[in-house]
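In what follows, a single structure is set out as structure tokens and then discussed.
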Amino acid sequence: MECVYLPWLFLAQFLMLIITGAAKVPAIIVFGDSSVDAGNNNQISTMLKSNFRPYGRDFFGGKATGRFSNGRIPPDFISEGFGLRPFVPAYLDPMYKISDFAAGVCFASAGTGFDNSTSAVLNVLPVWKEVEYYKDYQKKLKAYVGEEKAKFIISEALYLISMGTNDFLENYYTLPDRQSQYSVDQYQVFLLGLAEKFIKEIYGLGARKMALAGLPPMGCLPLERTTNFFNGNGERCNDGYNTVALHFNQKLSGLVNKLNKELPGIRLVLSNPYNMFVQIIKKPSLFGFDVAAVACCSTGMFEMGYLCDQMNPFTCSDASKYVFWDSFHPTEKTNKILSEYLLNSSLRQFL
């Protein structure tokens, strides 16, 4: 029964940090995919958007910002946990300017991955474009706060990096090209090289404190359970996909150890929510959930994006009872629990 109370214990701890102003990072800077996209896809030509209700119905003001959830996503909770704002704005959002981005900014794009061919599937921002926007941000930041203050923000900010799931589910397991080139283990090694290149690139631009996210139990996403069912394997998780996620996370852990030894001054951690996420999915009632196998939005079996619209009569009335919001993304409540877990584990050294 201990698991029931842990999330509230974490919350109490970090409320105290906020009250005492104990934040040790000046900004949260975010790269990645839909797990951390605060709305950049709203401003690009892609079908992968979520800037409409019921997305965002539990966000501040009930606004659909482009976050793939009913409310906040992990960077928002992590920012709040560090005593900063309770949300991290998207860089391409016209509502915000450099004065807003000085304390946190998101360059993530839903549907992207370490592999450039992944971003091409749904015409979203490739990771190299996220880096280009980051360089543009640095120029604007220097003009706004001055060279010295900008250098401090850039070097002391916490960088959240979360991608990789789409490389497997949207690309490798869906399209023939990468499967014809690589075995699944070889593709993991290929992605690992791209992850290393990306980390070294932002390190070269001044980033020092970084958290690299591990893959979730992607075989337990409602979409994959539905696919498993229609393939005649029942409604259980796709254990093969989960095994791949575990193996890739092990490789990421090795990369983190390698780069911490190689790159002077870097503080790189692996933020791996896999085991906690599995606990939530396997024993949802311990965390206050009723449903883990299907999502809140629509039938909860396969819908996301435009298939989750305001007119759908099947969407649940209380997302807090569900682990997943749509067939691919967690609810705000799940995001909060996972974020508090990370704040109390891998990210604790930065607090």
_Flag, side chain of Thr226 to backbone of Met301, donor-acceptor distance under 3.5 Å_ = yes

*Do the non-hydrogen side-chain atoms of Arg225 and Asn238 ever get within less than 4.5 Å of each other?*
no

_Minimal non-hydrogen separation, Asn41 against Lys49, with atom names_ = O-NZ, 2.7 Å

_Side-chain donor or acceptor of Gln186 paired with backbone N/O of Ser183 under 3.5 Å_ = yes

*Identify the two heavy atoms, one from Ser298 and one from Glu303, that lie closest to each other, and give their separation to 0.1 Å.*
OG-OE2, 2.9 Å

*Are any of the side-chain heavy atoms of Asp93 and Asn42 separated by less than 4.5 Å?*
no

*Reported NZ-to-CD1 distance for the pair Lys139 and Ile98, which is rounded to 0.5 angstrom*: 13.0 Å

*Would you indicate whether the side-chain heavy atoms of Cys106 and Asn40 approach each other to under 4.5 Å?*
yes

_Tell me whether the rings of Phe190 and Tyr182 are parallel (<30°), tilted (30 to 60°) or perpendicular (>60°)._
parallel

*asked:* How long is the straight-line distance from CG of Leu141 back to CD of Glu147, given to the nearest 0.5 Å?
replied: 9.5 Å

*Would you check, one step at a time, whether the test ring-ring contact (aromatic ring centres under 6.0 Å, His included) holds for Tyr134 with Phe31?*
CA-CA 9 Å; Tyr134 173 58; Phe31 295 95; 5.5 Å; yes

*Report yes or no: is the cationic atom of Arg85 (NZ for Lys, CZ for Arg) closer than 6.0 Å to the six-membered ring centre of Phe87, at no more than 45° off its axis?*
yes

*Test ring-ring contact (aromatic ring centres under 6.0 Å, His included) on Phe168 and Phe248 and set out the steps.*
CA-CA 11 Å; Phe168 291 99; Phe248 189 64; 5.6 Å; yes

_Salt-bridge present (Glu332, Lys336; N to O < 4.0 Å)_ = no

*Mark yes or no: Lys135 above the aromatic ring of Tyr133, with NZ or CZ under 6.0 Å from the six-membered ring centre and no more than 45 degrees from the axis.*
no

*Go through Tyr96 and Tyr91 one step at a time and tell me if the ring-ring contact (aromatic ring centres under 6.0 Å, His included) criterion holds.*
CA-CA 8 Å; Tyr96 300 98; Tyr91 189 60; over 10 Å; no

*Taking a hydrophobic cluster as the set of Ile, Leu, Val, Met, Phe, Trp and Tyr residues connected by side-chain heavy atoms closer than 4.5 Å, whether directly or through intermediates, do Val127 and Met210 fall within one such cluster?*
yes

*Is it true that a side-chain atom of Thr334 and a backbone atom of Val323 form a donor plus acceptor pair closer than 3.5 Å?*
yes

*Would Phe77 and Tyr341 show up in the same hydrophobic cluster when neighbours are defined by side-chain heavy atoms closer than 4.5 Å?*
no

*Going by an N to O cut-off under 4.0 Å, is there a salt bridge joining Asp185 and Lys251?*
yes

*Inter-residue atom distance Leu270.CG - Leu212.CG, 0.5 Å rounding*: 6.0 Å

*May I ask you to test the Glu224-Tyr241 pair for a side-chain heavy-atom distance under 4.5 Å?*
yes

*Would you say the side-chain atoms of Asp33 and Ser109 include a donor-acceptor pair closer than 3.5 Å?*
no

_pair Thr112-Thr118: side-chain heavy atoms closer than 4.5 Å_ = no

_Taking every non-hydrogen atom, the tightest pair across Tyr322 and Cys296_ = CD2-N, 3.5 Å

*Nearest-0.5 Å distance, CD of residue Gln138 to CG of residue Leu205*: 5.5 Å

*Could you grab the distance from atom CG of Leu158 to atom CZ of Arg208, nearest 0.5 Å is fine?*
14.5 Å

*Return yes when atom CD of Glu148 has more than 12 non-hydrogen atoms of other residues, nucleotides or ligands closer than 6.0 Å, and no otherwise.*
no

*Could you walk me through whether Asp115 and Tyr172 pass the side chain to side chain contact (heavy atoms under 4.5 Å, CB included) check?*
CA-CA 10 Å; Asp115 187 348; Tyr172 187 83; over 6 Å; no

*Assess Arg72 against Phe59: is NZ or CZ under 6.0 Å from the centre of the six-membered ring, and within 45 degrees of the ring's axis?*
no

*Indicate, with yes or no, if Leu255 and Tyr274 share a hydrophobic cluster defined by side-chain heavy-atom contacts under 4.5 Å among Ile, Leu, Val, Met, Phe, Trp and Tyr.*
no

_Show, in sequence, the C-alpha distance, side-chain angles and deciding distance for Asn272 and Ser346, and conclude whether the side-chain hydrogen bond (donor to acceptor under 3.5 Å, both in side chains) test is met._
CA-CA 8 Å; Asn272 186 4; Ser346 60; over 6 Å; no

*Considering residues at least two apart in sequence or located in another chain, which fulfil the disulfide (SG to SG under 2.5 Å) criterion with Cys297?*
Cys308

*Write down the atom of Ser50, the atom of Gly66, and the distance for their closest heavy-atom approach.*
OG-O, 2.8 Å

_Hphob cluster co-occupancy, Leu252 + Leu342, side-chain heavy atoms under 4.5 angstrom_ = yes

*May I ask you to decide if Asp76's main-chain N or O and Ser79's side chain share a donor-acceptor pair within less than 3.5 Å?*
no

*When rounded to the nearest 0.5 angstrom, what distance separates CG in Asn166 from CE in Met218?*
10.5 Å

*Under 3.5 Å, is there a donor-acceptor pair between the side chain of Lys333 and the main chain of Gly288?*
yes

*Honestly curious: do Phe314 and Tyr55 fall in one hydrophobic cluster under the side-chain, below-4.5 Å linking rule?*
no

*Please report the closest heavy-atom contact between Pro89 and Asp100, naming both atoms and the distance.*
CG-O, 4.5 Å

*Any side-chain heavy atom of Val278 within less than 4.5 Å of one from Cys220?*
no

*Using a cut-off of 6.0 Å, state whether more than 12 heavy atoms not belonging to Lys258 lie near its atom NZ.*
yes

_Quick one: does any side-chain atom of Asn257 pair with a main-chain N or O of Asn260 as donor and acceptor, under 3.5 Å?_
no

_Donor + acceptor pair across side chains of Ser35, His329 (<3.5 Å)_ = no

*asked:* I'd like to know if the side chain of Arg178 reaches the main chain of Val184, judged simply by a donor and an acceptor atom lying under 3.5 Å from each other, with no hydrogens or angles considered.
replied: no

*Run the numbers on Leu160 and Ile78 for side chain to side chain contact (heavy atoms under 4.5 Å, CB included), then give the verdict.*
CA-CA 10 Å; Leu160 305 179; Ile78 290 169; 3.9 Å; yes

*Going through the checks in order, is the side chain to side chain contact (heavy atoms under 4.5 Å, CB included) test met by Glu201 and Trp128?*
CA-CA 10 Å; Glu201 185 166 13; Trp128 64 263; 5.9 Å; no

*Answer yes or no: is there a side-chain heavy-atom contact under 4.5 Å between Phe82 and Leu343?*
yes

*asked:* I'd like to check Met276 versus Phe287 (side-chain heavy atoms, cut-off strictly below 4.5 Å). Are they in contact?
replied: yes

*Is a salt bridge present between Asp37 and Arg67, judged by a nitrogen-to-oxygen distance below 4.0 Å?*
no

_Ring-face cation contact, Phe101 with Lys140, 6.0 Å cut, 45° max_ = no

_To check you understand the geometry: which heavy-atom pair defines the closest contact between Gly219 and Asn242, and what is its length?_
N-OD1, 2.7 Å

_Test applied, ring pair (Phe, Tyr, Trp, His ring centres under 6.0 Å); reference residue, Phe324; option that passes from Phe289, Phe302, Phe277, Phe68_ = Phe277

*Answer yes when Glu262 and Lys200 have at least one side-chain N-carboxylate O distance shorter than 4.0 Å, and no when they do not.*
yes

*Starting from the C-alpha separation in whole Å, work towards a yes-or-no answer on side chain to side chain contact (heavy atoms under 4.5 Å, CB included) for Asn335 and Ser69.*
CA-CA 9 Å; Asn335 285 330; Ser69 183; 3.7 Å; yes

